[in-house]
K.L.:
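This structure is in structure tokens; I'll ask about it shortly.
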Amino acid sequence: MWDNFWSRSWTVLTENSSFLWDALQNTLIITFAGFALGLVIGTILAIINANPSKGIFSRIAKGFAWTYILILRGTPIVVQMLILFFVFLGPQGVEALNVAILAFGLNSGARSAEILRGAIGSIDKGQLEAGRALGFSNFRTMQKVVLPQAYKNAIPALGNEIIALLLATSVVGFITVIDITRGMQLIVARTFDVLVPYMLLAFIYLVLVYILTLVLKFFEKVVFKHGK
Amino acid sequence: MENNVIEVKNLVKKFGKLTVLDDVCIDVKKGEVIAIIGSSGSGKSTLIRCMNGLETSTSGDVLFNGELLTKGNINKKRQKIGFVFQSFNLFPNMNVLKNVTVAPKTHGKFQFPFTQKWKKAKQELNEKALEMLEKFGLGDKAKENPNNLSGGQKQRVAIVRALMSDPEIMLFDEPTSALDPEMVKEVLDAIKSLADKGMTMVIVTHEMKFAKSVADKIIYIDKGKIIESGTPEQIFNNPQCERLKEFLSKILD
Amino acid sequence: MKFKKIMIGVVAGLMLVITPFLLVGCGGNNNNGNNPLGLVNTGQLILATSADFPPFQSVNAQGQYVGIDIDIARAIATALGLQLVINNMDFGGVLLSLGTGQADIALSGITITEARRQGVDFTIPYFNSGQVIITHGNNNRLDGMTTAEQIRTAMVGQRIGAVAGQTGFDHAVALTGLSNVQVFDDNITMMNAIQDGIVNYSIQGAVASFGLVENFTSLQVINVALTDEQYGGAVRQGNTELLWQVNQVLATMMMDGSLSQIFANHGITL
């Protein structure tokens, strides 16, 4: 089965290039849009959790945040995705791709929230106090002083998150999105060759992760040199 | 009373079962400089932090210009209460100039970005900041990151940062305790220059000579209670209580 | 002493990991004297099928496999003196399983196509079918259409559902272009999707379509055949001995009427 492996690989790539290119776009769109959405959600949740107020609104918000994180980290992303598409959003006519982005965004949001919570917690309390002493509200202090530092500290962990997300998108085929994994499955069904397409698939993921790692390293260098 | 910038009335602060402040009463008149002295754990840090609400009282009130600190918008009141921390707490994600201008910029009148008015307001603010930094010997450090400064320089930036909002009173929580000895003088000189200009101040400090030279009133606190208070001459030359005498003998030799 | 323990642990771990790879090599990939039919396990006929396709193969309320293909497979196994073992999987995997040593024969409402001949060997055809459209009962768009041409034109640009690996997929692509084809994992999911309004149309073999719609009463079959196709069983490519035996059995069944009887038992008159 290994005969002509490299020429067969090349054939699969070139014969299906536009199909695979579309599939790759889906993989990347879901990864980046999902991560961005997750970052926004995670920031909101982290701010809610970091608020020292004991008022009733704060308590309700914190309760909601805790429940959200529990449910989204406590069930598999596949299950969340299936429910979101087949039960709720698909029948409403929402595009499968958008449902995938939403599902991954919600799910990543829970993890990003925990990452940011740790990053915020690691920042000296004096920073928050200095902000408050200058007359900034909790929110403003967060916005101008704490969060910028927290994001910087969180870059390595967030980098891991986006890479994990890229690999996790391989299941979107369950809700009819044709990403590179589902795309390769279709090629396998057509050509009856399992070896070449799946090896190629693994290789493609590897290359994507490698490139992403390089970009993150570069990004880290820029941010930490500047000191903002 | 109208010309009391800050009034502390029967302040009690407990952390769980531990009473850190016990029925403290202080009036800070406009233009007055008060130094608070005492040994570690006496509650003096907690006291000054109660004055701008960084600690909330278990019972008793703190009044700013006659109004309860906790009533209404405390953030607005804090804009007029300058606070300098023992550990500086400068913002490492901004340069020195931004550190000192971020507060007045945020609290100032909103202008649409990149309009003439906006540019003008920004320029005026930066000029004011640079002027003040110059006065405190930091004119060339405006674009530096705070982490690159010495302790004494950092604390002077912290003082400028607190001054930029034109506060009515400045609170100093052991401003030189974290500094290497050779840098203490530059910070004390900066604080003295403020006092000479008539700024109302409360300073928690261990620097007795400084307290003697700059304060109008000295308050000695021990175990959360005000033991004795009076002018520097009274406190240093004629201490009444045993505990104060003991404290002074340990500190001053 | 501790080093020794670690080494034993490492070796044991490696063996655990490597063993599956060693076993894979021992597939039923060789017809030899002891195993003339090249079976995966001697004495067993392993059937690969996707039990989501009534009346050809499905799972009844008691959890048993039933259907036309099941009955045919049982008849073949009996005729060859083998025990029938059923391996249920997604349709996309059915034909692949023959080459990876997971099954001996595939009967799963499989349409014979030239492309598939590249990977497996087909038996003689045992059924004629055609592809039709399934849509929601409320959908009047195709009412009154009687020719394949009319339907084809109406389908251009529409979103059509298909299952990975089925010929319906290729037909859907031909009708409306790849970007409009929504790929589901299996028939049941797809029928549910049409019912819930996630997708409006699907295209599948006629008989299977009627079988599916029996369980999904809100759907309708547009009874105009768009293609003409034949179903066949499949064996591993090159397994000529088994193929010959199976074809013998099928031919006998066709001639003595037992094949028609099987179809009749499931409501189809040949």
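Residue numbers begin at 1 in each chain, while the letters A, B, ... track the order of the sequences.
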K.L.:
So which part of B:R49 gets closer than 4.5 Å to some heavy atom of chain A, the side chain, the backbone, both or neither?
P.N.:
side chain
K.L.:
Would you indicate whether B:F15, at its atom CZ, is surrounded by more than 12 heavy atoms from other residues, nucleotides or ligands within a distance under 6.0 Å?
P.N.:
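Result for CZ/B:F15: enclosed.
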K.L.:
Under a 4.5 Å heavy-atom cut-off, does chain A meet the side chain of B:L54, its backbone, both or neither?
P.N.:
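Contact with chain A: side chain only.
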K.L.:
Should we count NZ of B:K80 as having more than 12 external heavy atoms under 6.0 Å?
P.N.:
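Yes - once you tally the heavy atoms of other residues, nucleotides and ligands closer than 6.0 Å, there are more than 12.
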K.L.:
Which pairs count as ring pair (Phe, Tyr, Trp, His ring centres under 6.0 Å) when at least one residue sits in residues 108-131 of chain A, sequence neighbours excluded?
P.N.:
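Residue pairs with at least one partner in residues 108-131 of chain A: there are none.
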K.L.:
Within a reach of under 6.0 Å around CH2 of A:W66, are more than 12 heavy atoms found that belong to other residues, nucleotides or ligands?
P.N.:
no
K.L.:
Working to the nearest 0.5 Å, report the span between NZ of A:K144 and OG1 of B:T106.
P.N.:
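It is 4.0 Å, given to the nearest 0.5 Å.
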K.L.:
More than 12 non-hydrogen atoms from neighbouring residues, nucleotides or ligands closer than 6.0 Å to NZ on B:K128, yes or no?
P.N.:
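Yes - once you tally the heavy atoms of other residues, nucleotides and ligands closer than 6.0 Å, there are more than 12.
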K.L.:
With chain B as the partner chain, list the residues of residues 100-135 of chain A whose heavy atoms fall under 4.5 Å from it, by residue number, and write 'none' if nothing qualifies.
P.N.:
A:D124, A:G126, A:Q127, A:E129, A:A130, A:G131, A:R132, A:A133, A:L134, A:G135
K.L.:
Quick one: ring pair (Phe, Tyr, Trp, His ring centres under 6.0 Å) pairs with a partner in residues 55-106 of chain B, sequence neighbours left out?
P.N.:
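Non-adjacent pairs meeting ring pair (Phe, Tyr, Trp, His ring centres under 6.0 Å): B:F83-B:F85.
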K.L.:
State whether the number of non-hydrogen atoms from other residues, nucleotides or ligands found under 6.0 Å of B:K98 atom NZ is greater than 12.
P.N.:
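Atom NZ in B:K98 is not crowded, with 12 or fewer foreign heavy atoms closer than 6.0 Å.
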K.L.:
Looking only at heavy atoms and a cut-off of under 4.5 Å, which of B:L90, B:V84, B:N147, B:L171 has the most pairs with chain A?
P.N.:
B:L90
K.L.:
Run the side chain to side chain contact (heavy atoms under 4.5 Å, CB included) test against B:T56 and tell me which residues pass, sequence neighbours left out.
P.N.:
B:K13
